[in-house]
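Structure first, commentary second.
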Amino acid sequence: MHVIDMPPAASGHAAPLTHVALRDDARLLASCSYDGTVVVWDVSDPARPTRTATLKHRRLVNASAWNPAAPQLLATASADKTVSVWRLPEQGSASLVNVLARHTDDINSVAWMPDGDRLICVSEDGRATMWDAIGGRFLGEVGSHEAHCMMVSVSPEGLVATVGEDGLVAVADPDLGADPFLRRYESSIEGCAWSGDGEVLAVTRDDGAVDLLTKKLDLLRTVEVSTSAARCVSWSQDDEQFVVGAYDGALHFFAVDGERLHRVDDARIWPRSVSAAGGLVAAGSFWGSPHLLDFASAAEIAGPVEPTHGPNAMAVDGNELYIGCDSGTVVVVPAGDAPRPRARLIGLTEGPILSLAVRDGVVYAGTYAGHVVRYDGAVLVSEQLGAPLPSLCFDGETLVAGTYNGELFSLDRVTLAVAERSQAHGGSVKSLTALPGPGFLSAATDRTVAAGSFTGRVTLWEHGNLVNAVAALDEEVAASASRDHTVKVGRLARTPAGEVQVQALQTLIGPDESVKCVAVLGTAESPFVLAGSYDFGLYVWPVRWEDGASVLTEGHLLDVFGQGLSCMAQLDASTVAVAGWDGRISIVACSADGGLPRVRASWNVQDLVRGARGTEGRNA
């Protein structure tokens, strides 16, 4: 397993924050990040958070939990498939107490039992397991889900609530061993939290609502929060209020009777995690440190000061490469392999750019808050499209945006007015790719790759798990990257009626983890498929159509990055730009001798930003 290699950040984290956890006394806060670290902050003066310790995992850290009986103990859960238990004394350095390493998949969430000895861990493999945290003994399973188990919350009396992407909410009592109470939803459930008295369980629904449930999972109240998925929830100290983070990029504050009290919109906030204690609310961030707010007024007390510039999306226009970053900055460099390219910066927003398209020098960016931002020297922002926008492409003169909700929007490229909307997929539209002829390709979390026009789409193939990306070489070859650890590559043709169909399909293997991005180089007769994985590897496959569909083709490891790979952009038929969340941009090109493509140049986004800051566009 490769270990994250990212330079430390002076103000906190070098990548966005995945999770925050306030200790019950509201004196310490743990923040987890994509950079593989957990930072512990002294927030006894919440206006001046002070970093007191930095703890490290090998991969990104998904969650942490303070021990209710021994508040100097902190459990941290990572994508490296381990849970670590740390001791954080009032004086002195943090020390590692134990590592629970017998997990089979990424750990998404952890919670302590009230006795402070046992720890519940939930994982991408769907299991909820219980451990003797200090002794390291596996004590058994307390529940299971048919898909990823996303979060766990334990009540003061020891009831274990788990939720998952399968829409299942389960409440079990490990000490009684009775059958759990179950409640099933049609939509994914990603967050849950018991009230302080343990009488009410709040669950966040993928359709944007929060349900308040009894201990037996009977419905007390449904609270409509957002048009986008509700992701996380936390309660006030007196159980009279709760705060919800949603995929509209906002924090939503409610009274327990469902009355909306406040809404906080801040493009820097990543509301995938919220935590409340002692009148404070902590929230995750796309920047390098957490947000602290007053629960009663929702006013920010402290916020991050340093952006992170992890690249999420790239696009090519003429001889320029555009790189969209977590900071909301677009970095523009010549689309060649110069050893030290000079960059210019375009500051579009303070939040992350999830998708990017450029035509004739005009930049279009899809944001986490669900807006399309247009830049031609001035900034124009579309209406809110209901959910984050992970994909953009052009279909002729029309700009097409794909959302987390599975919808497609067609927009006027000048005014950004919505012309049409369509429910194209049963899950997030993760990737769109234009075709030279009419139509475009789409890939989604419903496991499918589709082709066609805005409203007339056909499924080309399916994966065993969600599809992260799709790419094409002209309109003759397409490839897709999936969480099932595979890449699929298909030879395409059009019917006399103009419909795209698959003539040949192969499955490419090699990565150990989810495959995030993909590109196709060379010629349609003898293409190379390039793909980047969460295992930090950049892989390449020479495709031989004569092998047919029965052959599993093993990939060649071309390079290793310092974090997972994030996106690719086709510079021309033989050259691709590749980006990783460590900030590295590499130019990969076909070899003159017909051998495997090679890395011809590499740069770091942070260096490009430092070198170009203030040279063009708004202050980035």
Side-chain angles (χ1 to χ4, degrees), residues 16-19 148 150-151 163-165 167 185-193 202-211 222-234 242-254 258 260-274 283-286 291 298 312-313 326 328 349-355 365-373 381-392 400-409 411 416 418 421-432 442 444-446 466:
L17 277 60
T18 57
H19 190 265
H148 299 155
M150 298 302 295
M151 189 168 287
V163 298
E165 288 186 345
Y185 291 87
E186 292 185 1
S187 62
S188 171
I189 307 294
E190 297 196 18
C192 64
V203 298
T204 57
R205 294 169 23 183
D206 208 43
D207 61 6
V210 169
D211 277 357
T222 296
V223 179
E224 300 295 336
V225 176
S226 171
T227 58
S228 190
R231 178 62 175 84
C232 57
V233 60
S234 190
F242 58 90
V243 58
V244 181
Y247 278 157
D248 58 6
L251 300 178
H252 305 261
F253 292 74
F254 290 90
R260 182 183 290 274
L261 302 174
H262 308 286
R263 172 177 173 140
V264 176
D265 289 278
D266 185 330
R268 302 170 302 165
I269 293 176
W270 192 8
R272 107 174 219 166
S273 178
V274 292
S285 180
F286 290 107
H291 298 260
N312 294 311
D326 284 324
T349 176
E350 291 186 323
I353 293 169
L354 299 187
S355 53
T367 72
Y368 184 86
H371 300 280
V372 176
V373 180
V381 181
S382 76
E383 65 179 271
Q384 211 274 346
L385 301 183
L389 303 175
S391 52
L392 287 173
V400 180
T403 79
Y404 270 27
N405 292 346
E407 288 187 293
L408 294 177
F409 286 81
L411 298 95
L416 298 185
V418 174
R421 63 191 295 177
S422 171
Q423 188 68 42
H425 284 274
S428 173
V429 184
K430 299 292 290 267
S431 179
L432 295 171
S442 59
T445 59
D446 63 5
L466 67 83

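- Applying the 6.0 Å contact sphere to CD of E186 captures no more than 12 heavy atoms from other residues, nucleotides or ligands.
- For T445 (side chain) and S428 (main-chain N/O), a donor-acceptor pair under 3.5 Å exists by modelled atom type.
- Within the 3.5 Å criterion, the main-chain N or O of G167 finds no donor-acceptor partner in the side chain of R205.
- Every residue two or more places apart in sequence or in another chain that forms a side chain to side chain contact (heavy atoms under 4.5 Å, CB included) with D248 is listed here: S226, S228, A246, A250, H252, R263, Q384.
- Under the 4.5 Å side-chain criterion, counting only non-hydrogen atoms from C-beta, L432 is in contact with L408.
- Partners of F242 under the ring pair (Phe, Tyr, Trp, His ring centres under 6.0 Å) rule, at least two apart in sequence or in another chain, are W235, F254.
- The side chain to side chain donor-acceptor pair (under 3.5 Å) check on H19 picks up nothing, with sequence neighbours excluded.
- Looking at every heavy atom in both residues, V429 comes nearest to S442 through CG1-CB, 4.4 Å.
- Using modelled atom types, no side-chain atom of R268 and backbone atom of E350 make a donor-acceptor pair closer than 3.5 Å.
- Heavy atoms only, all atoms of each residue included: S382 and L416 are closest at N-CD1, 3.8 Å.
- Residues passing the side chain to side chain donor-acceptor pair (under 3.5 Å) test with D446 are H425, T448, sequence neighbours excluded.
- Between the side chains of Y185 and D207, no donor-acceptor pair of N or O atoms lies under 3.5 Å.
- Not counting sequence neighbours, the partners of D206 by the side chain to side chain contact (heavy atoms under 4.5 Å, CB included) test are S187, S188, E190, A229.
- The distance from the SG atom of C232 to the OH atom of Y247 is 8.5 Å, given to the nearest 0.5 Å.
- Considering all non-hydrogen atoms of both residues, I189 and T204 come closest at CG2-O, 3.4 Å.
- Partners of P16 under the side chain to side chain contact (heavy atoms under 4.5 Å, CB included) rule, at least two apart in sequence or in another chain, are Y34, W270, F286, T308, D326.
- Under the side chain to side chain donor-acceptor pair (under 3.5 Å) criterion, N405 pairs with no residue, sequence neighbours left out.
- Partners of H291 according to the side chain to side chain donor-acceptor pair (under 3.5 Å) rule, which considers only residues two or more places apart in sequence or in another chain, are S285, E300.
- Using a 4.5 Å heavy-atom threshold, the side chains of L389 and L354 count as separate.
- Considering every non-hydrogen atom in both L392 and A365, the closest pair reads CD1-C, 3.8 Å.
- Between G191 and V163, the shortest heavy-atom distance links the atoms N-CG2, 3.9 Å.
- Smallest separation of non-hydrogen atoms from E224 and A209: OE1-CB, 3.9 Å.
- Applying the side chain to side chain contact (heavy atoms under 4.5 Å, CB included) test to V418 and every residue at least two apart in sequence or in another chain returns E383, L385, F409, L411.
- How far NE2 of H148 is from CD of E165: 5.5 Å, rounded to the nearest 0.5 Å.
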